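Structure record follows, encoded as structure tokens.
So you know, we letter chains A, B, ... as the sequences are listed, proteins then strands, and number each from 1. This structure is a prediction, so every number in the text was calculated from the model and none was measured.
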Protein chains: 2
Amino acid sequence: MKDRMTPAVRMTGHTQRGQCAKRMSILDAAADVFCRQGFAGASIDEIAAVACVSRQTIYNHYREKETLFVAVVEDVMNRANAMLFSVLSTFPDRADNMEDELTAFAVRLNKNCICNHDGKFLRKLVQTEGERYPHLFESWRQQGPGKLTTALSALFARLAHKGALTIEDFDVAARQFVALGNADLQMMILLGGTPTDEELEKAARNAVHTFLKAYGRLEAEEADHPPQLAAISG
Amino acid sequence: MKDRMTPAVRMTGHTQRGQCAKRMSILDAAADVFCRQGFAGASIDEIAAVACVSRQTIYNHYREKETLFVAVVEDVMNRANAMLFSVLSTFPDRADNMEDELTAFAVRLNKNCICNHDGKFLRKLVQTEGERYPHLFESWRQQGPGKLTTALSALFARLAHKGALTIEDFDVAARQFVALGNADLQMMILLGGTPTDEELEKAARNAVHTFLKAYGRLEAEEADHPPQLAAISG
DNA sequence: GTAAAACTAGACGCCATTGTCTAAAACGTC
DNA sequence: GACGTTTTAGACAATGGCGTCTAGTTTTAC
């Protein structure tokens, strides 16, 4: 009696018809309203209005407000995890032109996983309703930020083994990479704003520049010098 | 339901008497409930119960729910700003033992300004109600994180002029210092947890270690070399 | 001690919201 | 065209919170 149907899968660009479209419309509208008003402040009527759907339709699909909320969170979580996985697969694996490639990766990560719609939604909801639904966001914590750190850590280890980086603790470096990438955007992230492409680019460049000063093998112009930074870390 | 029936006591530990005590008790209780439930989810009755005060007393002091909310936010903001100012005044100004002193400062900053009660409250409320009360949190944005970055930037500039650091952009370095300091605590901060002293110490040490690898003058063992990092920045 | 001020407890009207119910309408399929 | 399903609009009771009011009690001030 729970849900005999598989959760709705969104096919972008192709407008689906029928009840499936209704379900997605409701989910999107509910995500919008829940994000703006929080769980307590969101009203079913407003969600129905935004979704261009009768209130009763919402109650037909999702038994009550809480069921709808859980469905919305899981839907957004799935999208966000898929996007994170996709972005992680573009991590540079070559040692040449490290600075530019890492910068481009940081831009992708910030733009598509952290500053995008779903990222803002999840961060906001985790803070506001995280205590009330611990089980709900636990999987996000593990599959979202947890996976990000673990995966980045492994990727940095690979780069270090290739000799492109000099890293003592890969987990710490992974967290610091993410933190540095957000350093210039923290305020905007907190206020829910969306950075421009220029701001994303600049933030990533600042972050990678500092990251490589701390962890990078000096390349190109310092090729004649022995790597000084290795002396510190070693 | 909730077992928070003891009247709230201010930081001093000295229970004041009279209406002033009531006002503070109400402010503390309201901060607690607003933080947990958000503005919409918080009920005056619960605040009254937590404050051990009649509901009517709240309406006597603060005309309506919104007035109370604004008073609470301003109260917490004032405390947080005073604390931030106090911590900033302990920034190290000597170049010797830079790593330990910066680490201790980072611990103080994280412990007393970012991970403490007021810091969590403000971050949460800014995210949830920031859009609804832009004017209210604008001053926080300027006097809180804004002041932090500006002040840290100036302090780093002073250290750089003394030759203790090699920094190109002081504002960027200030933001990165804060970001690195939070790198290991991000998850806990997001979930509203409170780090232990050991975690604070370790996070600060990791942060400063990396910060000095990127910006620090190489000391002691590299004293004979001219500063190599300046070659990159220049 | 007394008077004013503050506090309490409870009841009250008002309004918004939730979730149910019903009858009508739209939709798709055969 | 007939039929079953889905959607719609509106009415409906029930709940709960906000803000007011009142009557009675406590605290403070003089």
Rounded distance in Å - CD (A:Glu64) to P (C:dT17): 18 Å

Should A:Ser43 be listed as having a side-chain N or O under 4.0 Å from OP1 or OP2 of C:dA16? no

Nearest whole Å is fine: how far is C:dT18 C1' from A:Phe34 CZ? 12 Å

Would you kindly give the OH-to-C1' distance between A:Tyr59 and D:dG10, to the nearest whole Å? 15 Å

What are the two closest non-hydrogen atoms of A:Leu122 and A:Ala80, and how far apart are they? CD1-CB, 3.8 Å

Nucleotide of C:dG19, D:dT7, C:dC7 approaching A:Asn60 most closely (side-chain heavy atoms): D:dT7

Assess whether a salt bridge exists between B:Asp171 and B:Arg175, defined as any Lys/Arg side-chain N lying under 4.0 Å from an Asp/Glu carboxylate O. no

Separation of D:dG17 atom P from B:Gln37 atom CD, nearest Å, is 10 Å

Can you tell me which nucleotide in D:dT8, C:dT18, C:dT8 comes closest to the side chain of A:Ile44? C:dT18

Using whole Å, report how far CG of A:Asp45 lies from C1' of C:dC15. 14 Å

What do you reckon, are the aromatic ring centroids of B:Phe156 and B:Phe170 less than 6.0 Å apart? no

Length of the line joining B:Tyr62:OH and D:dC18:C1', which is rounded to integer Å: 18 Å

For A:Ile58 and D:dT6, what is the distance between atoms CD1 and C1' respectively, to the nearest whole Å? 15 Å

Under 4.0 angstrom, heavy atoms only, what part of the nucleic acid is B:Ala48 near: base, sugar-phosphate, or nothing? nothing

So does A:Lys65 get a side-chain nitrogen or oxygen closer than 4.0 Å to the phosphate oxygens (OP1/OP2) of D:dT15? no

Using the ring centroid of each side chain, check whether B:Phe69 and B:Tyr133 are separated by less than 6.0 Å. yes

Counting any heavy atom closer than 4.0 Å, what does A:Gln56 reach on the DNA or RNA strands: base, sugar-phosphate only, or nothing? base

Closest to the A:Val53 side chain, choosing from C:dT18, D:dT8, C:dT8: D:dT8

Measuring to OP1 and OP2 of C:dA6, would you say a side-chain N or O of B:His61 lies under 4.0 angstrom away? no

Does a side-chain N or O of A:Thr57 approach OP1 or OP2 of D:dT8 to a distance below 4.0 Å, or not? yes

Does A:Lys22 have a side-chain nitrogen or oxygen under 4.0 Å from the phosphate oxygens OP1 or OP2 of D:dT8? yes

Rounding to a whole Å, what distance do you find between B:Arg55:CZ and C:dA11:C1'? 10 Å

Touch class at under 4.0 angstrom, heavy-atom based, for A:Ala40 against every strand present: nothing

Do A:Arg36 and A:Glu46 sit within salt-bridge range, that is, some charged N less than 4.0 Å from a carboxylate O? yes

